[in-house]
Amino acid sequence: MEDAITKKRMLSGIKPSGDLTLGSYLGAIRNWAQRAEEYDCFYFMADLHAITVRQNPADLRRRTLEQLAQYIACGLDPQKNTLFIQSHVHQHAELGWVLECYSMFGELSRMTQFKDKSAKNAENINGGLFTYPSLMAADILLYQPDLVPVGEDQKQHVELCHTIARRFNGVYGDVFKIPEPFVSKVGARIMSLTNPTAKMSKSENEDTGRVLLMDAPETIMRQFKRAVTDSETSVRFDKENKPGVSNLMTIYAACTGKTYQQIEEEFSGKGYGEFKPAVGEAVVETLRPIREEAARLMKDKAYLESVYRDGAQKAAYVAEKTLRKVYKKVGFVAK
Ligand code: ATP
Ligand code: LTN
């Protein structure tokens, strides 16, 4: 607790709307794990956000627990990070409502994710899908974090969180700390292997386009051998003209720590037939320890339960303080 007072705070979440992918790992979780010593960290499973798209209840429950096991397996030590399930901390939904009243219709309408998801779920364009960013602002502002590490696609939401926080502070004084989005340079946007102009997503691409954290090595190798490239033969970074190869280079760079130049040199004169399996192998080796540890943890439900219970208690302690302050500021009568 002493430490928590002096350390800067960091927070992020992922919705358990599908099995975690290589994109979730390279774009988000890996960057979280690297900062556990430096920051007081809060990470959660955003189950409230997940139901903005229809979920099968049994799958949602299973995935939420698996996601926790995978967070831990990716290096988020529950002793050093507060890991919790969003719906266990009721303050999120409560502040979410308040912030909806400080989010403008026009702003919410402009969110790319809303436009994308409404186009893809035309039969279920619900209110939650629309006000998703207000709840996300609540997730963030409850904890007053300094940094919010996310992939490129979530930056717009964190920016809207700024706008909402500034608007609220403008009326009531300095209630919320204004957080910074943090998008890491390598791996910020991993694309689908079969459609490299679309993001690798856990709920949207066809199975061939994505690699799951829990995929077996043979499956991973098969996916990479099938990855879409182009009609040239040279391994060269050119996002515009060679999106498939550039995406594979990004993945290879993220898994090996090599620069694009080093990769171009390594594969100069060699064709995609050598490059694709090399990327596959690098991914297999990166994911192997995570898959094994997550599978082991999934068998220990009692341990996972103790982690999320503990996490929710710590999170609620911090969240409640902010919520009380907000309720007071807006003029609600104290209990
Ligand atoms: P869904 O398909 O349900 O919309 P998703 O796969 O897009 O989900 P999110 O839960 O939206 O994943 O994202 C979790 C975190 O991982 C976010 O910070 C997001 O920016 C990051 N992320 C997700 N996919 C990628 C990707 N392909 N490349 C880089 N970062 C990603
Ligand atoms: N919208 C995010 C998940 C998310 C989140 C957050 C991320 C919900 N609340 C707060 C950072 C901070 C997503 O789709 N990945």
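First listed ligand is number 1; within each ligand, the first listed atom is number 1.
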Looking only at distances, can you tell me whether any N or O atom of Glu152, backbone or side chain, sits closer than 3.5 Å to an N or O atom of ligand 1?
no
In ligand 1, which numbered atoms sit nearer than 4.0 Å to a non-hydrogen atom of Val150?
18 (O)
With a heavy-atom distance limit of 4.0 Å, tell me whether Ser17 approaches ligand 1 through its side chain, its backbone, both, or neither.
side chain
Any N or O of Lys15 that comes nearer than 3.5 Å to an N or O of ligand 1?
yes
Could you tell me the separation between the NZ atom of Lys276 and the OH atom of Tyr252, rounded to the nearest 0.5 Å?
15.5 Å
Side chains of Tyr260 and Glu264: do they bring a donor and an acceptor to under 3.5 Å?
no
Are the side chain of Lys202 and the backbone of Lys15 linked by a donor-acceptor contact shorter than 3.5 Å?
yes
Do Gly151 and ligand 1 have an N or O pair less than 3.5 Å apart?
yes
Shortest non-hydrogen separation from Met136 to His49 and the atoms involved:
N-NE2, 3.4 Å
Leu213 and Cys74 have their tightest heavy-atom pair at CD1-SG, 4.1 Å
Do me a favour and list the nearest non-hydrogen protein atom to atom 4 (C) of ligand 2 with residue, atom name and distance?
Gly13 O, 3.7 Å
For Val148, counting its heavy atoms only, list the atoms of ligand 2 lying under 4.0 Å from any of them.
11 (C), 12 (C)
Quick one: which ligand 2 atoms are inside 4.0 Å of a heavy atom on Lys15?
14 (O)
Give the residue and atom name of whichever protein heavy atom lies nearest to atom 9 (N) of ligand 2, and the separation in Å to one decimal.
Asp139 OD2, 2.6 Å
Ser12-ligand 2 polar pair, N/O distance under 3.5 Å:
no
Under a 4.0 Å heavy-atom limit, does Asp153 contact ligand 2 with its side chain, its backbone, both, or neither?
neither
Quick one: does Asp153 get a heavy atom under 4.0 Å from ligand 1?
yes
How are the rings of Phe105 and Phe130 set to each other: parallel, tilted or perpendicular (split at 30° and 60°)?
tilted
Test side chain to side chain contact (heavy atoms under 4.5 Å, CB included) applied to Pro16 and Thr64, Ile85, Leu65, the passing residue
Thr64
Considering only heavy atoms of Ala28, which atoms of ligand 1 have at least one such atom less than 4.0 Å away?
15 (C), 16 (O), 18 (O)
In one Ile/Leu/Val/Met/Phe/Trp/Tyr side-chain cluster, 4.5 Å: Tyr132, Ile140
yes
How long is the span from the CE atom in Met45 to the CD atom in Gln70, to the nearest 0.5 Å?
10.5 Å
Should the proximity of Val150 to ligand 2, defined as any heavy atom under 4.0 Å, be assigned to the side chain, the backbone, both, or neither?
side chain
At less than 4.0 angstrom from any non-hydrogen atom of Ile190, what atoms of ligand 1 do you find?
26 (C), 27 (N), 28 (N), 29 (C)
Is there a path of hydrophobic side-chain contacts, each under 4.5 Å between heavy atoms of I, L, V, M, F, W or Y residues, that connects Val284 with Leu20?
yes
Compare Ile14, Val158, Ile251 and give the one whose heavy atom is closest to atom 13 (O) of ligand 1.
Ile14
Mind checking whether Ile140 contacts ligand 2 via backbone (N, CA, C, O), side chain (CB onward), both or neither, at a 4.0 Å heavy-atom cut-off?
side chain
Without swapping roles, check the side chain of Asp215 against the backbone of Leu212 for a donor-acceptor pair under 3.5 Å.
yes
Any donor-acceptor N or O pair under 3.5 Å, side chains Asp230, Tyr272
yes
Those atoms of ligand 1 less than 4.0 Å from some heavy atom in Lys117
1 (P), 2 (O), 3 (O), 4 (O)
Taking distance alone, with no angle check, do Met200 and ligand 1 share an N/O pair under 3.5 Å?
yes
Lys242 (side chain) donor-acceptor with Ser234 (main chain) under 3.5 angstrom:
yes
Between Gln91 and Leu142 (side chain of the first, backbone of the second, donor and acceptor by atom type, cut-off under 3.5 Å), is there such a pair?
no
For Phe44, which part has a heavy atom under 4.0 Å from ligand 2: side chain, backbone, both, or neither?
side chain
Compute the shortest N/O to N/O distance between Gln113 and ligand 1 and return yes if it is under 3.5 Å, no if not.
no
Per-atom contacts of ligand 1 with Ser201, taking only distances under 4.0 Å to non-hydrogen atoms
1 (P), 2 (O), 6 (O)
Contact region, Gln154 to ligand 2, non-hydrogen atoms below 4.0 Å, reads side chain
Atom 14 (O) of ligand 2 - nearest protein heavy atom and its distance
Tyr132 OH, 2.8 Å
